[in-house]
Engineer: 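Take this structure first; my questions come after.
Convention: sequence-line order gives letters A, B, ...; per-chain numbering from 1. These figures come from a predicted structure and were not determined experimentally.
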Amino acid sequence: MPETETASGGQRRALSPQGPASPAAPPVPLLVNGYRDRRCGSLRNTDIGSEVRLAGWVAAKRDHGGLLFVDLRDPIGPDAYLPVTDWPQGDAAGAGTGPETLASTGAPAGTATDASLARGHHNARIVQLVCHPGAEAFETLSRLRAESVVSVTGRVVARPPETVNQKLATGSVEVEVSELEVLSSADVLPFSVERDSEVGEEARLTYRYLDMRRGPVAERLAKRALFAQVARTHLATRGFLEVQTPVLTASSPEGARDYLVPSRLYPGEFYALPQAPQQFKQLLMVSGIERYFQIAPCFRDEASRADRSPGEFYQIDMEMAFATQEDVFREVELLFSALVSNLTQKHAPTPYPRIKYADALARYGTDKPDTRFGLEVVDLTSKLGGRTELPMFAEAPAKRHAVRAVLAPGAAGRPRSWFDAFAETARASGATGSWLQLPPDGSERRGPLSRKLTDEEMDVLAAGAGASSGDAVLTCVGPSASASVPLGQVRSALGRELGLADPGLLAFCWIVDFPMFERNPETGAWDFSHNPFSMPQGGLKALEDNDPADIVAYQYDVVCNGLELSSGAVRNHLPEVMEKAFAIAGYSRDRVERSFPALWNAFRYGPPPHAGIAPGFDRLFMLLEDQPNLREVIAFPLAQNARDLLMGAPAPVTPEQLSELHLQIALPKKP
RNA sequence: GGACCUGUGGUGCAGCUCGGAGUGCACGCCGGCCUGUCAAGCCGGAGGCCGCGGGUUCAAAUCCCGUCAGGUCCGCCA
C-alpha cells in the first residue's frame, strides 16, 4: 500500500522552552493513505455525514447478535503533548487544537471535561464503529479477536441522543462500517490490553509491547520525548553544545564495576562501557569547548533499586569552562525550571536552598533530605548534655557524643512496639535511642526518659523538639556524624504516614561542601569520599596545611523530595593539586598517571578551570511524573536482576564467537 | 554478598496462622442466545504439576529445608 506524505514537510518546529504546544507550534499531520484519512479519536459532530477511512486496534467488541459495536483505537502518538491535525494544511477543525500547554490540556470542546479525555489519553483515542447484519463486514468483524488491526470505511453518523457516551471524546458520533480490511489478526492475549487490571511485573516485561499498548507507559514515553526536547532546546539556547562521546572506552579504576567488552583484534584486552563520560567531558573542556552537554548513556554493573536502573541509565551530562559553582547552580535551576513548567503543574521554588553536607546529616540524618516538610532533628547537646542524672545524656560531652531529638507529632499513644522498633534502629546504627511521651490529656509524661529526667529537663526536651500534648519526642545519643540517622529515618516515615509533604511541591535543594576525604573504617587510610577530580576548597594550601578530615570540596549534589538527582563539582584542573590530593589518598604520582593517562597528560597543556554536573535523566523524569520506579518511564527496562525478559539477555554465545574473542568460560564450581 | 515480601487455570486475587479430595471470586477463552451497547447482557462449557526439588505426616497449596522467578530494602553505586 502506497504511503503518501501529504503534509508539506511534516516537520515540527523546535519547541520553545516556554510552551511545547504554544500556538506557534504547527499541528502534527496525519499520513493520509490507503490505511486511513482520519484519526479515530478526532471525529466530532462536525464530521457527521462524511465518509471516513479509519485504522486501528479492535479495543472492544459488543456483539448483540443483530447489532455489533466495535471500539476502534488509535495508536499512541505525539498528540499526548502536541496539537495534531488530520488535514495536511493544518486545518484544526476536527482535532481540538489550540493554544494549550501541556499542563492545561483539557477535553475537546463540546464533550465532557473528564480528565481521562485529555488529549493523547485512552478515551481520546477511541471511536465506536457500528455494524448491522446486512453489512458485508459483519461476519468477519464479529469473529475478530480483540487487538486485531483493521482498516474500515464508513459514514460518520450522530448517535441517538440517549446513547451518547460522555466518557469518549468521540462519544456523540459513531461510524457505520461499510468496508472492512483486516490488516492483522491477534491471537488470544496473555493479558488484557484494554482492562485496567494490575498485571504482574514479569508478564509486563516479557510482553512489554502489549504492556505499552495498554497506554500509560507509552504515553509517558511521549512525554519523555518532550522532556528530552525541552532539555535540548533549553541547553542549546544557553550555549551548550551537544557532543557525543564514545561508548566503547577504557576501564577506569575508580567507581562501580564496569561492563567489559572483549576485543577481537587484541586478544586478552577489553573495552569498558563508560560509567559516565566524566573524563571525556573534562577533555572537551581542555579542547576548548565552552559549554558541553549530552543526554549520555551510562553503564554500571551494580545492584539496582527502584530509583536506580540495573545496567544502564541516562544523565543530562553538563560541563562548563571558566565556571564556578554558582554558575552551575544557576544553569541547573534554569534548566529544571524549564522542565518543571513545561511538563508539570508542580511548583519548584528558586533559588534552591543550600545545605552544607554536615548540616544535612545533622538536621535530616541523610545527605538527601526531603525538605517538603519540617520535623527537623534538633541538637540538644548543649542543653541536656552533661547536665542530667541520666548517664547517657550526662556522659555525652565527654564521649564527644551528640544529643539529638525529633518530634513525632501525635505519637504519644503509639504502641510500645513502635518505640521499640525505633530504639532497635538506633542500636543498629551505633546510637542509643530513647523517647518521651506527652499524653494528650496533659497527664504525667511517660516513656523511658520520664523516669530519669527531672520535670524541668523534660520541659527543655519537649520545648527543644517543639512537642506539646499528644506528641512524643524521640532522642538519639551517639557520634555526631551518625546520631541523626535513626531520627532521620523516623522523620521520613512520619512524613509519609502523616502526609506531611505537599504532593504539588518539588523542594529542590543543594547539598554543598562535601568532605574531600573520609577514613576507611577498616584500614584507617584516607579515601576520596566522592569524586577524586573535585577541587578542594582552599586549593593546594588546604591540602598541605589542614587535617584531611576538615577539607571540603567544591562538590555538590542537587536533591529533590528525598531523591538525589545528581552530583557535580568544580573540577580539579591543576596537576600539582591533583597530585597532592591523590597522595593523601595513597596514590603515587605514577599510579595517577597510569590510571588516568588522558586527563593527566591533557592537564599539562593548559586546562581551563571548569565545573559541571550530570542530573539523572530517568530519575528526574520519574520524579516529575510521580512514578514509584524507573521501569515506568523506560521503554524496555531490565528486570531487577539485570535480565532482559523480553529479549532474553544476557545469554550464552556460540563457541565460535568465544573462540574468535579468545575467551574461555570458567564457571564457578557448584558447592 | 545479605534481609524481607510475593509465586494458586491465560490474567488478577482469596484459600496458607489452625494440614483433611484443586475449594472459591472477578476477568479472559470456547459454544449458544441476543437490534443500542459503552470493559454490553444472559445461558452453557473447557481450562490446574497450587513455581520447582526434597523433607515431616496416615494425609501438604497449607508446616520445614533448598532452589528458581518477580519485587522492595541493606551492602554496593568515586
Engineer: Classify the nucleic acid contact of A:T163 as base, sugar-phosphate or nothing, counting any heavy atom under 4.0 Å across all strands shown.
Structural biologist: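 Result for A:T163 = base.
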Engineer: Write down the distance between CG (A:L129) and P (B:A40), rounded to a whole number of angstrom.
Structural biologist: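 My rounded result for the distance is 13 Å.
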Engineer: Could you go through the side chain to side chain contact (heavy atoms under 4.5 Å, CB included) check for A:R73 and A:E147 one step at a time?
Structural biologist: CA-CA 9 Å; A:R73 192 185 62 230; A:E147 297 306 318; 2.8 Å; yes
Engineer: If you only use heavy atoms from C-beta on, which nucleotide in B:C77, B:G36, B:C29 is closest to the side chain of A:R308?
Structural biologist: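 Nearest nucleotide to the side chain: B:C77.
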Engineer: Determine the Euclidean distance between corresponding P atoms of B:A59 and B:A40; express it in Å to zero decimal places.
Structural biologist: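 After rounding to an integer number of Å, I get 49 Å for this pair.
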Engineer: Distance only, no hydrogens: is a donor on one side chain within 3.5 Å (strictly under) of an acceptor on the other, for A:N531 and A:Q555?
Structural biologist: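 On atom types as modelled, these side chains do not qualify, holding no pair under 3.5 Å.
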Engineer: What is the nucleic acid contact for A:Q275, judged by heavy atoms within less than 4.0 Å: base, sugar-phosphate only, or nothing?
Structural biologist: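 A:Q275: no heavy atom of the nucleic acid under 4.0 Å.
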Engineer: Could you work out the separation of B:G47 and B:C4 based on their P atoms and round it to a whole Å?
Structural biologist: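 It works out to 40 Å between them.
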Engineer: Can you tell me which residue among A:E319, A:R571, A:H610 is in a side-chain hydrogen bond (donor to acceptor under 3.5 Å, both in side chains) with A:Q282?
Structural biologist: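 Between A:Q282 and the candidates, side-chain hydrogen bond (donor to acceptor under 3.5 Å, both in side chains) is satisfied uniquely by A:H610.
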Engineer: Please name the nucleotide paired to B:C63 by Watson-Crick or G-U wobble geometry with both distances under 3.5 Å, or report none.
Structural biologist: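 Result: B:G55.
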Engineer: Is any side-chain N or O of A:R145 closer than 4.0 Å to OP1 or OP2 of B:C30?
Structural biologist: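 A:R145 to B:C30 OP1/OP2: side-chain N or O found under 4.0 Å.
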Engineer: Donor-acceptor pair, distance only, cut-off 3.5 Å: does the side chain of A:R159 make one with the backbone of A:G171?
Structural biologist: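 Yes; judged by distance alone, with no hydrogens or angles, the pair exists.
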Engineer: How would you label the contact of A:P532 with the nucleic acid (heavy atoms, under 4.0 Å): base, sugar-phosphate, or nothing?
Structural biologist: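 Base: the residue A:P532, judged by heavy atoms under 4.0 Å, touches a nucleobase.
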Engineer: Starting the side chain at C-beta, find the nucleotide from B:G75, B:U35, B:G71 nearest to A:A303.
Structural biologist: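 Minimum distance to the A:A303 side chain belongs to B:G75.
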Engineer: Measure from CG on A:D527 to P on B:C77 and round the result to the nearest Å.
Structural biologist: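 Rounded to whole Å, this separation is 10 Å.
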Engineer: Any chance OH of A:Y207 has more than 12 other-residue heavy atoms, nucleotides or ligands included, within less than 6.0 Å?
Structural biologist: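 It does not: A:Y207 OH has 12 such atoms or fewer within range.
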Engineer: Roughly, in whole Å, what's the span from CZ in A:R143 to P in B:C30?
Structural biologist: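 Going from A:R143 (CZ) to B:C30 (P), I get 12 Å.
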Engineer: Base, sugar-phosphate or nothing for A:E201? Non-hydrogen atoms, less than 4.0 Å.
Structural biologist: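 Sugar-phosphate, backbone atoms only, no base.
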Engineer: Under 3.5 Å, is there any donor-acceptor pair linking the side chain of A:R195 to the base of B:C27?
Structural biologist: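 There is none.
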Engineer: Determine whether a donor-acceptor pair (one donor, one acceptor, N or O, separation below 3.5 Å) exists between the side chain of A:Q128 and the base of B:U37.
Structural biologist: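 Checked by distance alone, the answer is yes.
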Engineer: How far, in whole Å, is B:G9 from B:A26 if one measures between their C1' atoms?
Structural biologist: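 The answer is 14 Å between these two C1' atoms.
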Engineer: Would you kindly check whether a donor in the side chain of A:R159 faces an acceptor in the base of B:U37, or vice versa, at under 3.5 angstrom?
Structural biologist: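 Result: at least one qualifying N/O pair found.
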Engineer: Please report the distance, rounded to the nearest Å, between CZ in A:R643 and C1' in B:G71.
Structural biologist: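 That distance rounds to 16 Å.
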Engineer: For A:F191 and B:U11, is the gap between ring centres under 5.5 Å while the planes differ by less than 30°?
Structural biologist: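 Ring-base stacking flag not set for A:F191 and B:U11.
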Engineer: Both distances under 3.5 Å, Watson-Crick or G-U wobble: report the partner of B:G44, or none.
Structural biologist: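 For B:G44, the partner nucleotide comes out as B:C30, under the 3.5 Å rule.
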Engineer: For A:E162, which contact category applies under a 4.0 Å heavy-atom criterion: base, sugar-phosphate, or nothing?
Structural biologist: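 The answer is nothing, as A:E162 stays clear of every strand by at least 4.0 Å.
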Engineer: Between B:U56 and B:G71, how many Å separate the two P atoms, rounded to a whole number?
Structural biologist: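 That atom pair is separated by 35 Å.
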Engineer: Which part of the nucleic acid, if any, lies within reach of A:F69 when heavy atoms closer than 4.0 Å are counted: base, sugar-phosphate only, or nothing?
Structural biologist: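 Here A:F69 touches the bases of the nucleic acid.
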Engineer: Quick one: is A:R62 getting a side-chain N or O under 4.0 Å of the B:A40 phosphate, OP1 or OP2?
Structural biologist: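 A:R62 to B:A40 OP1/OP2: side-chain N or O found under 4.0 Å.
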Engineer: On a whole-Å scale, what distance lies between the C1' atoms belonging to B:G32 and B:A46?
Structural biologist: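 Comparing C1' positions in B:G32 and B:A46 gives a spacing of 15 Å.
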Engineer: Could you tell me whether A:E136 atom CD has more than 12 heavy atoms of other residues or ligands within 6.0 Å of it?
Structural biologist: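 Incorrect, the count does not exceed 12.
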Engineer: Hey, are A:T245 and A:Q294 close enough side-chain-wise for a donor-acceptor pair under 3.5 Å?
Structural biologist: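 Yes - a donor-acceptor pair under 3.5 Å links their side chains.
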Engineer: Work out how far the C1' atom of B:C43 is from that of B:G51, and round it to whole angstrom.
Structural biologist: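 Rounded to whole Å, the distance is 36 Å.
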Engineer: Please report the distance, rounded to the nearest Å, between CG in A:D63 and P in B:C33.
Structural biologist: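 Roughly 10 Å, once rounded to whole Å.
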Engineer: Measure from the ring center of A:F582 to the ring center of A:F596 and say whether it is less than 6.0 Å.
Structural biologist: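 Yes; A:F596 has its ring centre under 6.0 Å from that of A:F582.
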Engineer: May I ask you to say what A:N165 touches in the nucleic acid, namely base, sugar-phosphate or nothing, with a heavy-atom cut-off under 4.0 Å?
Structural biologist: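 It contacts base atoms.
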Engineer: Rounded to whole Å, how long is the line connecting atom CG of A:L645 with atom C1' of B:C68?
Structural biologist: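 My rounded result for the distance is 13 Å.
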Engineer: Using the C1' atoms only, state how far B:G7 lies from B:G45, rounded to an integer number of Å.
Structural biologist: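 B:G45 and B:G7 have their C1' atoms separated by 29 Å.
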Engineer: Would you say the side chain of A:E174 and the base of B:G36 hold a donor-acceptor pair, judged only by whether the two atoms sit under 3.5 Å apart?
Structural biologist: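 Yes, the side chain and the base share a sub-3.5 Å donor-acceptor pair.
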Engineer: Across the strands shown, which category fits A:L68 at heavy-atom distances under 4.0 angstrom: base, sugar-phosphate, nothing?
Structural biologist: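 Nothing: the residue A:L68, judged by heavy atoms under 4.0 Å, touches no strand.
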Engineer: State, without any angle test, whether A:S172 and A:N45 hold a side-chain donor-acceptor pair at a distance under 3.5 Å.
Structural biologist: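 Yes.
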Engineer: Check this one for me: any side-chain N or O of A:K61 less than 4.0 Å away from OP1 or OP2 of B:A39?
Structural biologist: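 For A:K61, the contact criterion (side-chain N or O under 4.0 Å from OP1 or OP2 of B:A39) is not met.
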Engineer: Using the P atom in both, what is the distance from B:C65 to B:A3, to the nearest Å?
Structural biologist: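 Roughly 12 Å separates the two P atoms.
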Engineer: Heavy-atom contacts under 4.0 Å between residues 627-638 of chain A and RNA chain B, which residues?
Structural biologist: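 Close to the strand are A:N629, A:R631.
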Engineer: Taking a pair as Watson-Crick or G-U wobble with both distances under 3.5 Å, which nucleotide is matched to B:A21?
Structural biologist: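 Pairing partner, where one exists within any strand: none, as none qualifies.
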Engineer: Is A:R305 close enough to B:C74 that one of its side-chain N or O atoms is under 4.0 Å from OP1 or OP2 there?
Structural biologist: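 Result: yes.
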Engineer: Using the rule for Phe, Tyr, His and the six-membered ring of Trp, do A:H64 and B:G41 stack at under 5.5 Å and under 30°?
Structural biologist: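 No, aromatic ring not over the base.
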Engineer: Please answer whether the main-chain N or O of A:S192 pairs with a side-chain N or O of A:R214 as donor and acceptor at a distance below 3.5 Å.
Structural biologist: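 Judged by distance alone, yes, a pair lies under 3.5 Å.
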